[in-house]
Visitor: 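I have a structure I would like to understand better, so I am pasting it below and will then ask my questions one at a time.
Atoms within a ligand are numbered from 1 in the order they appear, just like the ligands themselves. Position 1 is the first residue of the sequence; numbering continues from there.
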Amino acid sequence: MTGRVRTTELPTLRCRGLRLRFGARPILDGLDLDVGRGEALAIMGPSGSGKTSLLHCLAGLRQPDAGDISVAGAELTRMSHRQRARVRLNSIGMVFQFGELLDELTVGENVELPLRLRRERGTAAGRLLGSVGLADRGGSWPAELSGGEVQRVAIARALAGRPVLLLADEPTGALDEGLSRAVGELLRSSASAVGAALVVATHDPIVASSMDRTARLRHGQLVAA
Ligand SMILES: Nc1ncnc2c1ncn2[C@@H]1O[C@H](COP(=O)(O)OP(=O)(O)O)[C@@H](O)[C@H]1O
Ligand SMILES: [Mg+2]
């Protein structure tokens, strides 16, 4: 015994008792969730089960009706809209179903967007594009990319701001099976390489199998799968 008190490391993402209802219908019903640094979780559940709504809460885009969400110690549920936007910009990366690149920016400019929004010099695009196997595409336009390439760029952009939490909503929903596996594995390896906690909402078992664990969203709660 050294006599020194060890501080327990909190999970990067910690949710307790989340409740959300649309009208009379409960979507989240006392949901608890912990995801540690570098850990990857797949959330599965049928369409309409509330996966996107949950991710919106985790991103601070929507306030749940009750419960607590903490991202690397920042208590999102106790913050103003503006404070949550700042946490999102500095600590959270997001990947969507169709990539959602900005068509009027080049691939490289898309990747540097999170840094530009933080008024940091964007010099990381080349390295980030290299890490997703697209080193030579920085000058291309999004319209010139295939669906799989768009998602690779979206992953590079989500990582550009060095997030502690990476959220992906049906990231392979528009891809065929072979590409889905590759994109799922890329998400997993990219997140663990930077030590980000990863939460992927997916109905795709191939993608889920690339993560450390899978939980199912049922009746507004997460149950281990
Ligand atoms: N802004 C909203 N207002 C009312 N109902 C909504 C809203 N967003 C989603 N819903 C409903 O909440 C349920 C869960 O939706 P969603 O979170 O998109 O599920 P999933 O992503 O699992 O398909 C669905 O029944 C959907 O119609
Ligand atoms: Mg959804």
Visitor: Give the residue, atom name and distance (to 0.1 Å) of the protein heavy atom nearest atom 2 (C) of ligand 1.
Guide: F22 CE2, 3.6 Å

Visitor: Strictly under 2.8 Å, is any N, O or S atom of S47 next to the Mg ion (ligand 2)?
Guide: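 S47 does not place any N, O or S atom closer than 2.8 Å to the Mg ion (ligand 2).
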
Visitor: Determine, using heavy atoms of G48 and all atoms of ligand 1, whether some pair is separated by less than 4.0 Å.
Guide: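 Yes, G48 has heavy atoms under 4.0 Å from ligand 1.
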
Visitor: Using a 4.0 Å cut-off to any heavy atom of I27, which atoms of ligand 1 qualify?
Guide: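 Every atom of ligand 1 under 4.0 Å from some heavy atom of I27: 12 (O), 13 (C).
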
Visitor: Before giving the answer on salt bridge (charged side-chain N to carboxylate O under 4.0 Å, His left out), spell out for R14 and D68 the whole-Å C-alpha distance, their side-chain angles and the decisive distance to 0.1 Å.
Guide: CA-CA 8 Å; R14 184 179 178 86; D68 295 310; over 6 Å; no

Visitor: Check whether any protein heavy atom sits under 4.0 Å from atom 26 (C) of ligand 1.
Guide: no

Visitor: Nearest non-hydrogen contact with atom 16 (P) of ligand 1 belongs to which option: A201, P26, S53?
Guide: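 Answer by nearest heavy atom: S53.
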
Visitor: Is the contact between R62 and ligand 1 made by the side chain, the backbone, both, or neither, using heavy atoms and a 4.0 Å cut-off?
Guide: side chain

Visitor: For S47, take its heavy atoms, then give the atoms of ligand 1 lying under 4.0 Å from any of them.
Guide: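 Ligand 1 atoms under the 4.0 Å threshold to S47: 23 (O).
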
Visitor: Can you tell me which residue and heavy atom of the protein come closest to atom 24 (C) of ligand 1, and the distance to 0.1 Å?
Guide: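 Sorting protein heavy atoms by distance from atom 24 (C) of ligand 1 puts R25 NH1, 3.6 Å first.
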
Visitor: Can any side-chain N or O of R88 pair as donor or acceptor with the backbone N or O of G60 at less than 3.5 Å?
Guide: yes

Visitor: What do the steps show when you test L61 against M94 for side chain to side chain contact (heavy atoms under 4.5 Å, CB included), and what is the final call?
Guide: CA-CA 12 Å; L61 290 166; M94 287 186 277; 4.2 Å; yes

Visitor: Between P46 and ligand 1, which part of the residue brings a heavy atom under 4.0 Å of the ligand: side chain, backbone, both or neither?
Guide: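 Within the 4.0 Å criterion, P46 contacts ligand 1 through backbone atoms alone.
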
Visitor: Drop me the distance from L105's CG to R157's CZ, to the nearest 0.5 angstrom.
Guide: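 L105 atom CG to R157 atom CZ measures 9.0 Å (nearest 0.5 Å).
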
Visitor: Determine, using heavy atoms of H56 and all atoms of ligand 1, whether some pair is separated by less than 4.0 Å.
Guide: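 No.
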
Visitor: Any side-chain heavy atom of L179 sitting closer than 4.5 Å to one from T172?
Guide: no

Visitor: Identify the closest protein heavy atom to atom 18 (O) of ligand 1: which residue and atom is it, and at what distance?
Guide: T52 CB, 3.7 Å

Visitor: Could R218 and D29 be called an ion pair, given the rule that one side-chain N must be under 4.0 Å from one carboxylate O?
Guide: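 A salt bridge is absent here (no side-chain N lies under 4.0 Å from a carboxylate O).
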
Visitor: Under the 3.5 angstrom rule, does the side chain of R213 hit a backbone N or O of A224 as a donor-acceptor pair?
Guide: no

Visitor: Does D169 approach ligand 1 within less than 4.0 angstrom via side chain, backbone, both or neither, non-hydrogen atoms only?
Guide: neither

Visitor: What atoms of ligand 1 come closer than 4.0 angstrom to any heavy atom of G50?
Guide: 14 (C), 16 (P), 17 (O), 19 (O), 20 (P), 22 (O)

Visitor: Please examine the side chains of P142 and N110, heavy atoms only from C-beta on, and report whether any two atoms are closer than 4.5 Å.
Guide: yes

Visitor: Between the main-chain N or O of S192 and the side-chain N or O of E39, is there a donor-acceptor pair closer than 3.5 Å?
Guide: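 No, E39 side chain to S192 backbone: no donor-acceptor pair under 3.5 Å.
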
